[in-house]
Colleague: 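I am attaching a structure below and will ask some questions about it afterwards.
Letters A, B, ... mirror the listed sequences (proteins, then strands); counts begin at 1.
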Protein chains: 2
Amino acid sequence: MSQDPEDVAVLPPPRRPGATSADVARLAGVSRSTVSHILNGQVTRFAEETVGRVRDAAARLGYVPSAAGRSLVLGRSDLVVLAVPNTTLTNVQDIIEAIAADLDDLGYSVVVHFDRGGGAAANLARLQHVVDTLRPAGIVDLGSLSLRDLDTLEEQGCPILSPRPRHVRGVDEGNLAIARTQAEHLIDRGYTALAYAFLVDHRDDPFGRMRAAVVADVCAEAGLPAPTAISVPLDAAGAQTALCDLLRARGRPVGIACSNDEVGLAVSFAALALRAAVPGDVGVIGVGGGSVGQLVAPRLSTITFDVRASVGTIRRGVAAARGGVAEDDDPTLSPEIFLVLQGETT
Amino acid sequence: MSQDPEDVAVLPPPRRPGATSADVARLAGVSRSTVSHILNGQVTRFAEETVGRVRDAAARLGYVPSAAGRSLVLGRSDLVVLAVPNTTLTNVQDIIEAIAADLDDLGYSVVVHFDRGGGAAANLARLQHVVDTLRPAGIVDLGSLSLRDLDTLEEQGCPILSPRPRHVRGVDEGNLAIARTQAEHLIDRGYTALAYAFLVDHRDDPFGRMRAAVVADVCAEAGLPAPTAISVPLDAAGAQTALCDLLRARGRPVGIACSNDEVGLAVSFAALALRAAVPGDVGVIGVGGGSVGQLVAPRLSTITFDVRASVGTIRRGVAAARGGVAEDDDPTLSPEIFLVLQGETT
DNA sequence: TTGTAAGCGTTATCAG
DNA sequence: CTGATAACGCTTACAA
């Protein structure tokens with residue numbers, strides 16, 4: 001209830017939170033538009049002294065433009081939605097981190113969107129809602145979306161920043177390369193009976209299904225019998241059961257392509273526990289190239305994957321979207337970024 | 001230019017992208033404010049028929065309120081910033097996913113903010129900028145921020161959704177419990193010489209430092225010599241070198257508390273490679289309870305950590321922040337969520 | 001070189 | 001029960 005006039009006079013002094021462009025304008029003795037122009041790089045053709053005053057005032061007030069206001073008038077935000085699939089790829093954390101760092105440098109914030117149970121349609125619907133609401137500057141898809149989905153999104157004015165995978169018979173190049181490399185490696189090492197090991201419990205794993213199909217193709221090409229699919233849980237007992245069934249069905253030796261490194265470890269140690277020779281009776285190759293596989297004995301053979309290379313592709317996508325430049329040259333993942341890391345399990 | 005009046009009548013037909021509340025209002029034959037009220041649950045005291053018409057129109061147009069507009073008028077967005085530390089905790093991916101799912105259900109989107117090199121101050125500055133720009137509905141801190149930082153942020157009107165860790169001599173309860181459990185377990189198993197194994201290369205790992213300090217405290221309490229700190233890289237050769245040095249300095253047996261499960265694996269397999277007995281000459285315990293540690297032989301002893309429990313705490317924080325209710329009862333991580341998972345390395 | 005004014009889509013307040 | 005109207009903070013023609 002104090003009616004001291006000073007209360008009123010004291011209220012609007014430099015307070016960090018919530019300084020608006022109007023405040024900056026007032027302090028600098030210019031208009032809001034001038035502030036906006038100058039702070040958005042339209043520095044040329046403004047009196048040097050004005051630029052100084054504005055920048056100074058902004059700094060003094062700790063002025064940060066509100067994303068809301070910006071987004072409203074621009075029609076899109078400075079957010080990028082990262083669509084993360086329910087995949088068995090091991091590196092997701094690193095990938096997210098790398099992408100976030102990259103986009104952060106460019107002034108974007110990353111909104112994560114994980115696939116969840118409920119099926120592809122439900123996940124797409126959730127994504128769509130996020131896109132409608134947030135009007136993001138773009139989407140980076142880690143494999144959650146089909147080409148159709150990507151097209152739809154793009155038609156709605158939401159740029160796709162990740163490279164559009166080139167599908168061959170429903171399998172994108174990356175998974176094709178991975179699975180083919182796995183299968184060929186196993187065959188090279190002398191295995192004539194192959195199997196594909198899914199990670200159990202990941203209810204929807206499109207990547208896994210694609211890769212299993214590719215392994216089957218490679219077998220067919222090589223005149224080998226079709227691979228057996230097994231589901232491996234990430235516990236020792238369950239893995240042993242799964243492997244036991246496989247050995248009973250296919251005999252030995254058998255080469256097993258695994259959906260990721262953890263499954264690879266589960267399989268190789270299960271084999272050892274069952275007194276099978278690794279390699280020899282059982283050959284195992286994973287995907288991911290994470291460190292764990294290389295720490296244990298026997299070291300896991302695996303497919304390495306250059307995170308930074310694929311992230312670089314995305315960075316280029318962003319640049320393209322900003323500059324309005326059409327995606328130039330080759331936005332494809334070059335196949336040679338998938339390499340066999342020879343361990344002791346094949 | 002065609003002047004067919006139908007052109008005008010035909011223009012506003014149901015087009016998905018960019019329907020505004022004005023469009024809905026027009027189609028429903030009401031005003032924008034009515035639309036807003038009804039769509040925000042103020043259904044009571046509106047003519048049932050009006051409610052129907054509005055909902056119908058909204059559905060028909062695929063109307064989704066713009067986050068930008070909302071944020072602008074509300075002064076805060078429906079985003080939640082997730083501050084992720086540069087920690088050695090293994091589960092980060094799962095934690096992020098769980099939190100994102102939780103917040104998604106509540107209508108929030110998650111913006112990830114990873115700590116990066118450059119020091120705590122730089123990271124805080126980046127975070128601060130994000131907060132200023134986005135005016136998020138809240139922050140979930142996974143351990144990146146100090147109590148001071150949290151207070152500052154909250155003063156600026158950004159609710160802290162994660163439980164504020166209770167620090168005892170600079171160490172929060174969680175890390176205290178983890179490290180203490182590790183140390184006491186090793187001592188229980190008969191080790192009288194202890195060591196703490198950091199993950200090398202994680203330039204800033206506040207968690208690791210805290211835990212090493214706690215292990216030292218426990219040693220002191222038990223009248224044991226101070227633990228030795230070692231830095232373990234995630235490759236076999238490097239880990240062997242590090243362990244070799246340790247054994248030379250401390251002799252055998254030695255019990256090693258590791259900053260995470262991967263380091264634990266590196267240490268145990270390095271010990272085996274050096275022909276040390278595990279357990280016996282070398283005891284190893286990790287943190288994380290991830291599946292990998294339990295897949296290999298010898299199974300890693302570790303500290304398990306109930307992700308869902310801690311996420312539940314955050315959910316309660318959100319509820320509190322929305323309801324405006326003061327955080328009730330006990331927002332603390334109950335200590336008993338950290339349990340020893342007895343493997344074969346201690 | 002700088003200022004004026006309009007409008008982005010939403011919500012809150014208050015009047016009818 | 002419903003509707004004007006006024007912000008919210010920003011950008012951007014266009015005018016001076």
Colleague: Can you name the salt bridge (Lys or Arg N to Asp or Glu O under 4.0 Å) partners of B:Glu49, sequence neighbours left out?
Modeller: B:Arg53

Colleague: Enumerate the salt bridge (Lys or Arg N to Asp or Glu O under 4.0 Å) contacts for residues 66-84 of chain A, please, sequence neighbours excluded, ordered by first and then second residue.
Modeller: A:Arg70-A:Asp78

Colleague: How long is the line joining CG of A:Asp23 and P of D:dG9, in whole Å?
Modeller: 9 Å

Colleague: Taking any atom under 4.0 angstrom from a heavy atom of chain A, which nucleotides of DNA chain C are the first and last to qualify, 5' to 3'?
Modeller: C:dT1 to C:dG9

Colleague: Listed by chain and number, what are the side-chain hydrogen bond (donor to acceptor under 3.5 Å, both in side chains) partners of A:Thr133, not counting sequence neighbours?
Modeller: none

Colleague: Side chain to side chain contact (heavy atoms under 4.5 Å, CB included) with B:Leu134: which residues, sequence neighbours excluded?
Modeller: A:Ala67, A:Leu79, A:Ser109, B:Leu79, B:Val111, B:Val130, B:Pro136

Colleague: With sequence neighbours excluded, tell me which residues meet salt bridge (Lys or Arg N to Asp or Glu O under 4.0 Å) with A:Asp102.
Modeller: A:Arg315

Colleague: What residues, two or more places apart in sequence or in another chain, satisfy salt bridge (Lys or Arg N to Asp or Glu O under 4.0 Å) together with B:Asp56?
Modeller: B:Arg60

Colleague: What side-chain donor-acceptor pairs closer than 3.5 Å can you find for residues 32-40 of chain A, not counting sequence neighbours?
Modeller:
unit_1  : atom_1 : unit_2  : atom_2 : d
A:Ser33 : OG     : A:Ser31 : OG     : 2.9
A:Thr34 : OG1    : A:Ser31 : OG     : 3.2
A:His37 : ND1    : A:Ser33 : O      : 3.2

Colleague: For each nucleotide in nucleotides 11-16 of chain D, reading 5' to 3', give B when a protein heavy atom comes within less than 4.0 Å of its base, S when such contact involves only the sugar-phosphate, and - otherwise.
Modeller: BB----

Colleague: My understanding is that only residues two or more places apart in sequence, or in another chain, count here; which of them pass side chain to side chain contact (heavy atoms under 4.5 Å, CB included) with A:Pro159?
Modeller: A:Leu161, A:Ala321

Colleague: Looking at five pairs on each end of the helix from C:dT1-D:dA16 to C:dG16-D:dC1, what is the angle between the two axes, given to 10 degrees?
Modeller: 40°

Colleague: Using salt bridge (Lys or Arg N to Asp or Glu O under 4.0 Å) as the criterion, list what pairs up with B:Asp94, not counting sequence neighbours.
Modeller: none

